[in-house]
Each structure stands twice: as C-alpha cells, then as structure tokens.
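Structure first, commentary second.
Lettering follows sequence order; numbering is per chain, from 1. Predicted model only: the values in this text are computed from it and were never measured. Hydrogens, waters and symmetry mates play no part in the numbers below; they use all other heavy atoms, side chains included.
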There are 2 protein chains.
Amino acid sequence: MPADRYHHGALRRAVLDAAVEAISESGPSALSLRDLARRAGVSHAGPAHHFGSKEGVFTALAAEGFTMLAEELETVSSGSMAELGVAYVRFGLQHRAHFEVMFRPELYDAEDPSVAEPRERTWSSLSGSARVATTYADQVSSEVTELGAWALVHGFAMLAASGAIEADSPDEVAALVRGAASMMFREPNGAASPREH
Amino acid sequence: MPADRYHHGALRRAVLDAAVEAISESGPSALSLRDLARRAGVSHAGPAHHFGSKEGVFTALAAEGFTMLAEELETVSSGSMAELGVAYVRFGLQHRAHFEVMFRPELYDAEDPSVAEPRERTWSSLSGSARVATTYADQVSSEVTELGAWALVHGFAMLAASGAIEADSPDEVAALVRGAASMMFREPNGAASPREH
DNA sequence: AGCCAGTCTTGTCACTGTCAAGTTCTGGGA
DNA sequence: TCCCAGAACTTGACAGTGACAAGACTGGCT
C-alpha cells in the first residue's frame, strides 16, 4: 500500500520499526514521538494517536520483546542452564533495542497483560531449568538457585549490552556464559567449554 | 551562607542533592535541569552553567556513585566473594539514584577520568576476590570466574533495583546473594569468610 | 580606586508530548 | 447508488524542556 495514502494502513508496524531503529541509534531515552512520525512518514501526532501516548509505544515494544524472548527460550528445550543463558544473552545482543526497553520498567506499563504474560513465561523457563539443574547435588534453597540463575544470566546480558564486557563477537560472550553457568550449576562442562590448558 | 545571595556558593552540592532527590522520586529519565534549578533555588540556567550541560550533571553523579561504591567494596576486606556481593547489592539499594545513573552509560560521559578511575577500582575489587575464591578448585579460565562473579552480583543488584525480585528487606536480598555466591564459588556457606589462605 | 575573572541571571530559540478540533477515508446498511 | 457513522489521521496550539548568548552582579587583587 502506497505511502501517500491518508490511511497509512500499517502505522503500527511502521512506528514500531522506526522505534527500534531510533533506539538502536541513540538509546530509548532519546526517543521522540515526532521523530518516529517523520520516519514513518506521518504527521507529528500520528504515533501518539495510535498508541495513546509515548508510554504506549514503549509498552508495545516491551510486549513484543518479552514475547520473542519467551519463544526463544522455549525452543531451547535441552534443559541445560548454560544453553538457556546463552540464548538469553544472545537475545539481548541481537535485539538490543527491545532488550533495553524491557528492563527499564519506568518507561512502560509493566502491569499490562500483553507484557506480564510473556514475562512470566520467560521467568518460568529460567527457574524451571535452574530447579532441574540442581536437583542432584545441592542443599541450597530453590529460591536461591532460581534467582541466582536469573541474576547470573541477566547480569551477563546487561554488562554485555552496556559495553562493560569487551568481547568481539556474541560467540565470545556465549562462551563466557556457558562457562559461568556450568561453574555455578556443575553441569557437565559440555563441548563448548573454553579450551583447557 | 544565606540562600538569597547572588553567589549561591554551594550550587554544586545543592544541585547534586536535588538531583538525587528528583531521581529517587521519578527516575533519571524524568530529570529536568529546570526542576533542579527550582529545587536549588536558582535561576533556570544555573545548573547547566555549573555543569556545562545535563550530561555534566549525570557525569558528576556517576563519578560520585562509583567512588562511594569503590570505597564501600574496599572496606570489605574479608576477601569473601559472598560478602563483596552483599555489599554491592546493598549499595545499589541504598543509593538507588546514583546506582541507576551509573549503569546507564548513555546518560553521561563514561570516559571521563572522574568516572573511569573509581569504576576500575570497583572492578578490581570484584575480579580480585573472584580470582582468590577459585584458586583452589577450578579449571575454568580466570576470565570466566571474574566476569561470572561480576555478572552474578550485578544481575542481583539490577533485578532488585528494578523490583523484579520481591524481597521485603535488603537483608533478604543479601541472604540470596550470599547463597548464590557461595554456591558458585563453593565458599563455606556460613556467615563469615574463609580465614585460611 | 579600578579592574577582571568567575558566578549566576535573563531572554530567546528550536524542540518535545499531549490534547482538542478538524479533515479525510472506509465499510456497510438502505 | 447514496449516505453516513466512525475510524484513521492531520492541524493547530500550549506548556514545558535543554542549550546558548548576552547581560548583571560579586569579591578579590593590584
């Protein structure tokens, strides 16, 4: 459908894509509805009309992000904590724009069902795997292992996304995560573990 | 020094305190220089004049935050990874405003020496402790243990600060961190640190 | 006394998010 | 076929923002 029509017809997608682009360029705090409007070829109030407000745009982005992440984690059915962690971090690097919004809850409406539902799904993937991974050995409470798993993985993702970890490629970060996860959960250190000396 | 003088005399501190207050109320992205000016009892361009720009205010806050954190960690000389983690997370909860700015590098000039120097100090506290804690047992590379330690601790701090972890008191979070750290680093799970080495 | 570098103020600019009111389009009932 | 209710966008306006230039005040030095 041509861009010069009065009814854009695909404003929602156009705005969200523009938002991802804009956030990738200069972060979520620099996002401007008027800029989105320009990128989508629409009048300055178009985006706000469709999403209600700026917060509405962020909420839609967060919902989309959590949904993608949940699906991503659910395909990693190996049950290995290390592989789940790798997937989590990989997602953070691959969809940086979404990821940055998702974990900045003051930007959007975190209670909105479209966000809360997939967020619960990602959480149960992680905590479920952590529970299984430590059934064998430990006397630590399950709360500790589950939250510990999430914290480890989330910390890696945050540090990698903020540039605090200097790694040339996502694969390098993945190797780090794999190593740390198997260290914490005493999983067999698997094929991908770092080369031994 | 009276507040109605032309030369305020303590504008820097007044603005930074106002910033901490404002951020505690509604997050860093809602911070407005003009609001800081009002809180500090100063004309609308006062803060920007002193700090150069809004980024300058954030840079000063980040510098102050990393300095406090570095000193905090350096007093935890027990060498126990668990206790370092507790201190890290406790700092994040106690100085939430500073903490939120510190790990949002797009807000400030992360290369500024006033930020970079204390940031290096906190990092070496953490990685040093991680290195010691795993001297005994592991065959994992030191990069993995050091970054793993940081990620675990940072992840807890982020999740706690963003409200993702429901804990009634900082002490509860501290207990979680202690548990997860000793799980990962195989430290004795007791309250105190390993005295031998 | 005279000056001057710093400290803060005033005035203005382009830009932002939101809202109310207007315009244009779409689909479906008669 | 006509028409019209309402959805999809636009237009216009408002208060608020960060940045900058230019001015006003201050206190210390000679």
Rounded distance in Å - CD (A/Glu55) to P (C/dT18): 9 Å

Quick one, B/Leu84 and B/Val153 - any side-chain contact, counting heavy atoms below 4.5 Å? no

Nearest-Å distance, NZ (B/Lys54) to C1' (D/dG16)? 12 Å

Contact under 4.0 Å: A/Arg38 side-chain N or O vs C/dT16 OP1/OP2: yes

Within residues 24-33 of chain B, which residues have any heavy atom lying less than 4.0 Å from an atom of DNA chain D? B/Leu31, B/Ser32, B/Leu33

Does a side-chain heavy-atom distance below 4.5 Å link A/Val20 with A/Ser24? yes

Taking atom P of D/dG6 as reference, at what distance in whole Å does atom NE2 of A/His49 sit? 15 Å

Could you tell me how far apart B/His44 (NE2) and D/dA21 (C1') are, to the nearest whole angstrom? 12 Å

Under 30°, 30 to 60°, or over 60°: which ring-plane class applies to B/Tyr88 and B/Phe103, parallel, tilted or perpendicular? tilted

Please state how far atom CZ in B/Phe51 lies from atom P in D/dA19, giving the value in whole angstrom units. 13 Å

At less than 4.0 Å, is any side-chain N or O atom of B/Arg12 found next to OP1 or OP2 of C/dC8? Yes or no. no

Starting at NE2 of B/His50 and ending at P of C/dG6, how long is that distance when rounded to a whole Å? 13 Å

B/Ala45 side chain: which of D/dT17, C/dT10, D/dT11 is closest? C/dT10

How many Å lie between CG on A/Leu36 and C1' on C/dG17, as a whole number? 12 Å

So, B/Lys54 side chain and B/Leu31 main chain: donor-acceptor pair closer than 3.5 Å or not? yes

Between B/Leu11 and B/Arg34, the residue closer to the 5' end of DNA chain C by nearest nucleotide is B/Leu11

Considering residues, nucleotides and ligands other than A/Glu143, do more than 12 of their heavy atoms fall under 6.0 Å from its CD? no

Below 4.5 Å, heavy atoms only, C-beta onward: do B/Glu146 and B/Trp123 meet side chain to side chain? yes

Assess whether a salt bridge exists between A/Glu72 and A/Arg121, defined as any Lys/Arg side-chain N lying under 4.0 Å from an Asp/Glu carboxylate O. no

